[in-house]
Asks: 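The structure follows.
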Amino acid sequence: NANTVTFNGVAAIVSSASETQLVVEVPQGAGSGPVVVAVAGKTANGPEFTYLPDNARFVNGASGTDTDNDCNSFQIPCATIGYGIEQADENDQILIAAGFYTESLVLNKSLILQGMGENETFIQAHTEPDMAEERVIYIMPGNEITIRDLGIRNGKRSTGLSISSD
């Protein structure tokens, strides 16, 4: 009988199998999601998995540090998004843990900002509405930015939510 493993619905190649272990490679493009294993006609749903790309920088306001940190480790994340951006290379992904981040960000390179959900990860220029003197995010011209699963709030009121290039 064939053993099959899928990651978020994408089939993986099983490189070895025994009675106690399956060795597989996570397929390219699987993203994050459920693991499903089928052995001898029986299917088991595994845990949700999170894909961590090689070009990721990690941010966690609750447990991170911005001191002597390149933000490359999930176990030792940065504390602030701004510091993560400073450490990032062009086209890196900034993976941001759930929480509130009170920062005004200047994006001066092409990046992906990835939160944990628009109701779980918030970037704000001020803790209170109508009080900010800065925008939440300013994108420098010539950069490609992708923003996913982030709540953005409490920026400079007079400009509202705007995306512009000088």
Side-chain angles (χ1 to χ4, degrees), residues 5-13 15 24-35 47-127 129 131-166:
V5 179
T6 61
F7 290 84
N8 200 29
V10 179
I13 296 173
S15 55
V24 301
E25 184 175 327
V26 176
Q28 188 148 3
S32 298
V35 177
E48 294 279 323
F49 76 98
T50 302
Y51 168 73
L52 302 176
D54 290 338
N55 66 337
R57 304 293 174 148
F58 301 94
V59 177
N60 187 322
S63 66
T65 179
D66 289 348
T67 304
D68 297 325
N69 189 359
D70 62 10
C71 313
N72 280 328
S73 170
F74 181 76
Q75 289 80 21
I76 308 171
C78 296
T80 62
I81 301 166
Y83 187 81
I85 291 168
E86 288 176 24
Q87 300 307 307
D89 294 322
E90 190 80 13
N91 298 312
D92 275 1
Q93 296 186 46
I94 310 296
L95 303 180
I96 309 163
F100 290 87
Y101 298 85
T102 303
E103 305 182 45
S104 182
L105 304 175
V106 176
L107 303 180
N108 58 359
K109 58 189 92 167
S110 295
L111 296 168
I112 296 171
L113 300 179
Q114 174 72 52
M116 297 298 292
E118 64 184 49
N119 294 316
E120 295 189 38
T121 307
F122 296 92
I123 305 173
Q124 56 191 13
H126 198 282
T127 57
M131 299 296 292
E133 296 186 17
E134 301 287 332
R135 292 181 175 138
V136 178
I137 298 173
Y138 178 77
I139 301 171
M140 298 292 289
N143 295 293
E144 292 184 28
I145 306 298
T146 301
I147 299 173
R148 295 187 195 122
D149 298 322
L150 288 168
I152 300 171
R153 66 184 208 168
N154 297 347
K156 186 175 180 180
R157 183 169 166 55
S158 64
T159 59
L161 178 61
S162 65
I163 299 173
S164 62
S165 177
D166 293 339

Asks: Considering only distance and modelled atom types, tabulate donor-acceptor pairs under 3.5 Å from the side chains of residues 111-120, sequence neighbours left out.
Replies:
unit_1	atom_1	unit_2	atom_2	d
Gln114	OE1	Arg148	NH1	3.4
Gln114	NE2	Asp149	OD2	2.8

Asks: Would you say Ile13 has more than 12 foreign heavy atoms packed within less than 6.0 Å of its CD1?
Replies: no
Asks: Indicate yes or no: at least one non-hydrogen side-chain atom of Cys71 is less than 4.5 angstrom from one of Ile94.
Replies: no
Asks: Considering only heavy atoms from C-beta outward, does the side chain of Val24 approach that of Ser15 to under 4.5 Å?
Replies: no
Asks: Indicate the atoms forming the closest heavy-atom contact of Glu133 with Lys156, along with that distance.
Replies: O-CD, 3.9 Å
Asks: Over all heavy atoms of both residues, which pair between Asn143 and Lys109 is shortest? Give the atoms and the distance, please.
Replies: OD1-CA, 3.0 Å
Asks: Working to the nearest 0.5 angstrom, can you tell me the gap between Asn60 CG and Gln75 CD?
Replies: 12.0 Å
Asks: Starting at CG of Asn91, measure out to CD of Glu144 and round the result to the nearest 0.5 Å.
Replies: 7.5 Å
Asks: Roughly how far, to the nearest 0.5 Å, is the CZ atom of Phe7 from the CD atom of Glu25?
Replies: 9.5 Å
Asks: Write down the atom of Leu95, the atom of Ala56, and the distance for their closest heavy-atom approach.
Replies: CD1-CB, 3.7 Å
Asks: Could you check whether atom CD1 of Ile76 has more than 12 heavy atoms from other residues, nucleotides or ligands sitting under 6.0 Å from it?
Replies: no
Asks: What residue pairs, at least two apart or across chains, pass ring-ring contact (aromatic ring centres under 6.0 Å, His included) with a residue in residues 75-104?
Replies: Phe100-Phe122
Asks: If the test is side chain to side chain contact (heavy atoms under 4.5 Å, CB included), which one of Leu105, Asn154, Ile147 qualifies with Ile123?
Replies: Leu105
Asks: Nearest 0.5 Å please: distance from the CD1 atom of Ile81 over to the CD atom of Glu86.
Replies: 12.5 Å
Asks: May I ask you to test the Val59-Cys78 pair for a side-chain heavy-atom distance under 4.5 Å?
Replies: yes
Asks: Taking Thr121 for the side chain and Leu150 for the main chain, is one N or O donor matched with an acceptor at less than 3.5 Å?
Replies: no
Asks: Heavy-atom distance under 4.5 Å between the side chains of Asp89 and Arg57, does that happen here?
Replies: yes
Asks: Under 4.5 Å between any side-chain heavy atoms of Ile152 and Val136, yes or no?
Replies: yes
Asks: Could you report the tightest heavy-atom contact between Phe49 and Val35, atom names first, then the distance?
Replies: CD2-CG2, 3.6 Å
Asks: For Pro27 and Ala12, which heavy atoms make the closest approach, and how far apart are they?
Replies: CD-CB, 3.8 Å
Asks: Are the side chains of Ile137 and Ile145 in contact, using a 4.5 Å heavy-atom criterion?
Replies: no
Asks: If you take all heavy atoms of Gly82 and Glu103, which pair is closest and at what distance?
Replies: N-OE1, 2.7 Å
Asks: For the pair Gln93 (side chain) and Asn55 (backbone), establish whether a donor and an acceptor sit closer than 3.5 Å, ignoring hydrogens and angles.
Replies: no
